Amino acid sequence: MPIIFHEEQRIFHLTNKYVSYIIRVMENDQLENLYYGKRIHDREDFANLHETCWRSQMSIVMPDPSNLSMQYARQEYPFYGTGDYRAPAATVLQKNGSRVVDFKLDSFSIRPGKPELPGLPATYIESIDEADTLEITLVDKLSGTELVLSYTIYEDYPVITRHARFLQVGDDPVVLERALSMSVEFLDMDYEMVQLSGAWGRERYVHTRKLDMGIQSIQGLAGTTGGAEQNPFAALKRKETTEQAGEVYGFSLVYSGNFLAQVEVSTFDMTRVTMGIHPENFAWKLEKGETFVTPEVVMVYSDKGMNGMSQVYHRLYRTRLAHGEWRDKERPILLNNWEGTYFDFTEEKLLAMARKAKEVGIELFVLDDGWFGTRNDDYRGLGDWFCNMEKLPSGINGLSEKMEEIGVKFGLWFELEMVNKDSDLYRAHPDWIIHVPGRYHCQARHQHVLDYSRPEVVDYIHDMVAKILSESKISYIKWDMNRYMTAPFSLALPADRQGEMMHRYTLGLYNLYSRLTSEFPHVLFESCASGGARFDPGLLYFAPQAWCSDDTDASERCKIQYGTTYVYPVSMIGAHVSAVPNHQLHRTTPLATRANVAMFGTFGYELDLEKMPEEEIQVVKEQIRFMKKYRRLIQIESDFYRLLSPFKGNETGWICVSPDKKTALAGFYQRLNKVNASWIRFKLAGLYEDVKYKLSYRVCDETRGYAAYGDELMSVGIPIDREDLTALGGDFASIVFEISAE
Ligand code: DGJ
């Protein structure tokens with residue numbers, strides 16, 4: 001049993017092969033975090049880990065002999081008002097206007113398994129023995145509010161998941177002004193905070209900063225996780241931690257709305273990490289009998305470096321967060337028409353593109369934006385989810401059948417949360433957009449956000465999409481979302497519940513995803529938001545893949561995909577080969593490199609194959625054949641290691657290694673070519689030291705290779721010939737190495 005309770009000392013120890021997490025019930029019946037980190041032996045009495053001493057101006061919550069103070073205690077789920085002057089995990093406003101609470105232990109349960117979070121995506125188990133759950137119930141008697149802190153420890157992962165649940169038992173309502181999912185404390189501040197930050201076209205770059213006293217945080221307030229700017233993830237690593245070695249703690253929020261990830265360092269060097277729904281514009285009223293459940297935080301501890309942490313997230317998220325028929329399936333190689341045609345297409349053109357796609361081995365044709373309503377540009381049509389028969393006279397039904405006759409599956413783009421004012425939907429329901437009456441309707445990309453906090457809006461959109469999906473042969477949906485939220489307000493909520501609107505929106509979104517994915521289980525969903533502006537674990541639960549960025553330039557993608565793999569599995573990373581000069585940067589990169597980057601993702605093409613010269617078509621055929629050979633390894637069956645960081649140098653490198661370490665595929669990419677330059681040795685990881693591997697790679701039309709032991713490949717590295725890089729195009733050249741045990 002990985003959760004032990006020491007009755008006499010009132011100490012909980014959550015532990016498995018990898019981690020220990022120790023909670024003590026303090027003398028005043030509140031909870032204290034004693035330790036979180038690498039597994040340690042269990043023993044009866046960890047109480048000595050509660051450091052205390054008399055300090056000037058210390059506020060005492062329990063007099064002699066305990067002289068207990070919250071000021072320097074590592075509160076498990078801290079509140080403000082009893083002497084802890086750091087940021088709290090939750091704030092409960094009561095009828096008399098007070099926010100002071102005193103949550104004390106009431107009861108607890110330790111059970112095998114992992115409960116679901118109602119209405120929210122969360123990691124799951126497939127058999128009861130995969131995890132154990134501790135639920136600690138605390139009660140604030142005066143307000144009549146119950147708080148349940150829930151902890152699940154997985155048996156085979158260094159993973160603890162957490163969330164909190166509030167229930168109002170008392171007669172008077174309370175308002176949760178802040179209800180984060182977790183808080184944890186470390187006794188020192190000798191950490192660096194790692195975050196994935198960026199903007200449109202440069203999402204999820206890796207940023208690292210040294211912790212300092214005070215608050216450092218990242219947040220998302222756009223209603224769409226953190227938009228392209230911040231990802232709901234933060235890690236604390238030691239200064240000496242590298243990709244391959246050292247300690248790191250990862251915190252990842254399974255949520256798609258506003259979030260806060262905050263690290264506060266006290267002047268006594270104590271480091272508090274809190275994470276959850278952002279308190280800004282949040283206030284949740286709990287009437288008697290009502291419950292509020294926070295989203296889940298997935299905490300990963302690794303002493304095997306950043307790659308060690310990432311591999312745990314990859315495995316857990318790929319197999320115990322993503323779910324449905326597509327979870328373990330190789331992803332179809334697709335052609336998306338967006339960068340090939342934008343809005344300018346006819347049925348004839350799409351069918352010609354599909355025929356060419358079939359010829360090169362593509363399996364799925366995706367029709368992007370512009371097929372519905374009067375949508376010939378981005379000023380109109382969103383919300384009118386019926387086919388534009390002028391453009392597509394056979395309708396979606398007829399077109400999907402024609403696609404299948406050609407021999408490719410058919411996929412369709414939607415942007416279900418949005419409406420243009422120039423649409424039948426808006427004309428019929430102007431009150432359905434999110435806005436504050438009497439205030440300006442702020443638009444972005446000429447569109448407005450539908451109020452998904454209203455069930456009737458979600459129902460209406462559901463019925464429209466379900467109709468198309470049931471009438472046509474649709475195998476894939478790209479679910480886009482191209483603007484952030486403004487003026488959060490719902491016409492359907494009373495004044496004292498407006499603070500619930502943004503979270504209710506996210507619950508509405510999950511409701512729609514949940515219904516559509518369960519009613520159409522064979523459909524592969526890909527989430528998207530102006531590229532990668534809503535790339536989060538919450539959506540991964542429903543949509544096993546996500547469009548990673550609108551920036552399709554191969555060299556920029558090295559950075560974006562490298563950063564993305566800090567948390568997200570390669571099988572989630574939507575990546576396409578696009579035309580050159582690249583549409584975002586006007587940069588020209590070799591066709592081989594474009595494929596070599598996209599291959600470490602879901603892989604597809606987003607260009608007009610009909611415009612490609614015949615010799616390139618032959619290359620594309622070979623790329624697709626190669627990807628079909630390796631996609632199971634890359635997407636489903638390997639451990640992914642980052643090897644060379646594009647944020648640190650001119651080169652990027654990574655490798656996918658099969659679990660038996662017999663097969664691997666490594667990608668090496670350079671940015672700019674260099675003249676008369678130094679030597680390059682490309683060091684691999686994840687192989688057996690004592691096994692001899694055959695290495696082969698292509699340089700133009702030639703296949704090269706040699707055999708070497710794993711220790712040589714990892715410690716000495718593969719010598720990269722700069723002449724080869726020049727032959728491969730110079731700037732932005734790349735090589736993919738096929739590696740197999742002899
Ligand atoms: C933004 C997406 O990221 C693109 O791939 C494309 O689908 C456009 N929207 C269509 O409007």
Side-chain angles (χ1 to χ4, degrees), residues 551-562 575-601 603 605 607 612-627 630 642-656 664-685 693-708 712-739:
D551 190 342
T552 56
D553 173 81
S555 192
E556 296 307 304
R557 273 299 188 114
C558 282
K559 287 192 238 163
I560 298 166
Q561 293 180 206
Y562 186 97
H576 300 165
V577 175
S578 62
V580 288
N582 173 266
H583 291 195
Q584 294 75 43
L585 285 174
H586 298 275
R587 177 186 285 156
T588 296
T589 54
L591 178 55
T593 295
R594 282 176 271 153
N596 288 346
V597 175
M599 190 178 288
F600 290 87
F603 199 71
Y605 291 78
L607 41 70
M612 274 185 143
E614 188 49 32
E615 65 268 22
E616 287 197 347
I617 289 290
Q618 293 312 319
V619 175
V620 167
K621 278 187 187 166
E622 179 51 29
Q623 291 172 344
I624 291 172
R625 190 201 59 76
F626 187 86
M627 185 60 189
Y630 280 105
R642 291 173 299 273
L643 301 171
L644 291 169
S645 169
F647 300 104
K648 292 189 175 148
N650 195 46
E651 290 94 22
T652 303
W654 49 50
I655 186 171
C656 288
L665 199 71
F668 172 90
Y669 313 84
Q670 79 163 350
R671 212 165 159 78
L672 297 183
N673 210 20
K674 292 186 175 172
V675 70
N676 197 20
S678 53
W679 313 106
I680 310 172
R681 287 272 173 84
F682 181 36
K683 291 184 186 172
L684 307 185
Y693 291 92
K694 194 168 154 270
L695 192 85
S696 82
Y697 59 100
R698 302 268 302 167
V699 177
C700 304
D701 289 336
E702 219 181 289
T703 301
R704 307 253 179 90
Y706 63 98
E712 179 186 327
L713 295 172
M714 294 188 291
S715 300
V716 183
I718 306 169
I720 304 276
D721 190 338
R722 287 198 186 266
E723 302 263 315
D724 285 351
L725 294 177
T726 302
L728 285 163
D731 291 349
F732 316 114
S734 66
I735 304 176
V736 164
F737 296 91
E738 295 176 77
I739 300 147

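Computed from a predicted model, the values in this text were never measured in an experiment.
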Practice task
Take L665 and I739 through the test side chain to side chain contact (heavy atoms under 4.5 Å, CB included) and record every step on the way to the result.
Solution key: CA-CA 6 Å; L665 199 71; I739 300 147; over 6 Å; no
Could you tell me whether the side chain of [X] and the main chain of [Y] form a donor-acceptor pair under 3.5 Å?
{"X": "R642", "Y": "G653", "value": "no"}
{"X": "T652", "Y": "C558", "value": "no"}
{"X": "E651", "Y": "F682", "value": "no"}
{"X": "R594", "Y": "S578", "value": "yes"}

How close do [X] and [Y] get, counting heavy atoms only, and between which atoms?
{"X": "R587", "Y": "S555", "value": "NH1-CB, 3.6 Å"}
{"X": "V736", "Y": "F600", "value": "CG2-CE1, 4.5 Å"}
{"X": "G601", "Y": "M627", "value": "O-CE, 3.9 Å"}
{"X": "A733", "Y": "T593", "value": "C-OG1, 3.6 Å"}
{"X": "R557", "Y": "V597", "value": "CB-CG1, 3.8 Å"}
{"X": "A598", "Y": "H576", "value": "CB-C, 3.9 Å"}

Handout entry: From CA spacing to verdict: side chain to side chain contact (heavy atoms under 4.5 Å, CB included), K674, R722
Key = CA-CA 8 Å; K674 292 186 175 172; R722 287 198 186 266; 3.9 Å; yes
Starting at [atom1] of [X], measure out to [atom2] of [Y] and round the result to the nearest 0.5 Å.
{"X": "L672", "Y": "N650", "atom1": "CG", "atom2": "CG", "result": "5.5 Å"}
{"X": "I718", "Y": "Y706", "atom1": "CD1", "atom2": "OH", "result": "5.0 Å"}
{"X": "L684", "Y": "F668", "atom1": "CG", "atom2": "CZ", "result": "11.5 Å"}
{"X": "Y630", "Y": "R625", "atom1": "OH", "atom2": "CZ", "result": "9.0 Å"}
{"X": "E723", "Y": "L728", "atom1": "CD", "atom2": "CG", "result": "11.5 Å"}
{"X": "M612", "Y": "Y605", "atom1": "CE", "atom2": "OH", "result": "7.5 Å"}

Exercise for the section: Verify side chain to side chain contact (heavy atoms under 4.5 Å, CB included) between L725 and I680, making sure each step is shown before the conclusion. Expected result: CA-CA 11 Å; L725 294 177; I680 310 172; 4.1 Å; yes
May I ask you to test the [X]-[Y] pair for a side-chain heavy-atom distance under 4.5 Å?
{"X": "Q670", "Y": "F732", "result": "no"}
{"X": "S645", "Y": "Y562", "result": "yes"}
{"X": "H586", "Y": "V580", "result": "no"}

Practice task
Could you verify whether a donor N or O on one side chain and an acceptor N or O on the other, from N582 and T552, lie under 3.5 Å apart?
Solution key: yes
Practice task
Mark yes when over 12 heavy atoms from residues, nucleotides or ligands other than E614 sit less than 6.0 Å from its CD; otherwise mark no.
Solution key: yes
Is the shortest side-chain N to carboxylate O distance from [X] to [Y] below 4.0 Å?
{"X": "E556", "Y": "R671", "value": "yes"}
{"X": "D724", "Y": "R704", "value": "yes"}
{"X": "K694", "Y": "E738", "value": "no"}

Practice task
Check the pair E712 / Y693 against side-chain hydrogen bond (donor to acceptor under 3.5 Å, both in side chains), numbers first and verdict last.
Solution key: CA-CA 10 Å; E712 179 186 327; Y693 291 92; over 6 Å; no
Practice task
Measure centre to centre between the rings of Y669 and W654, then say whether the value is under 6.0 Å.
Solution key: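 Yes: the rings meet the under 6.0 Å criterion.
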Exercise for the section: Step by step, work out the side chain to side chain contact (heavy atoms under 4.5 Å, CB included) result for F737 and S696. Expected result: CA-CA 6 Å; F737 296 91; S696 82; over 6 Å; no
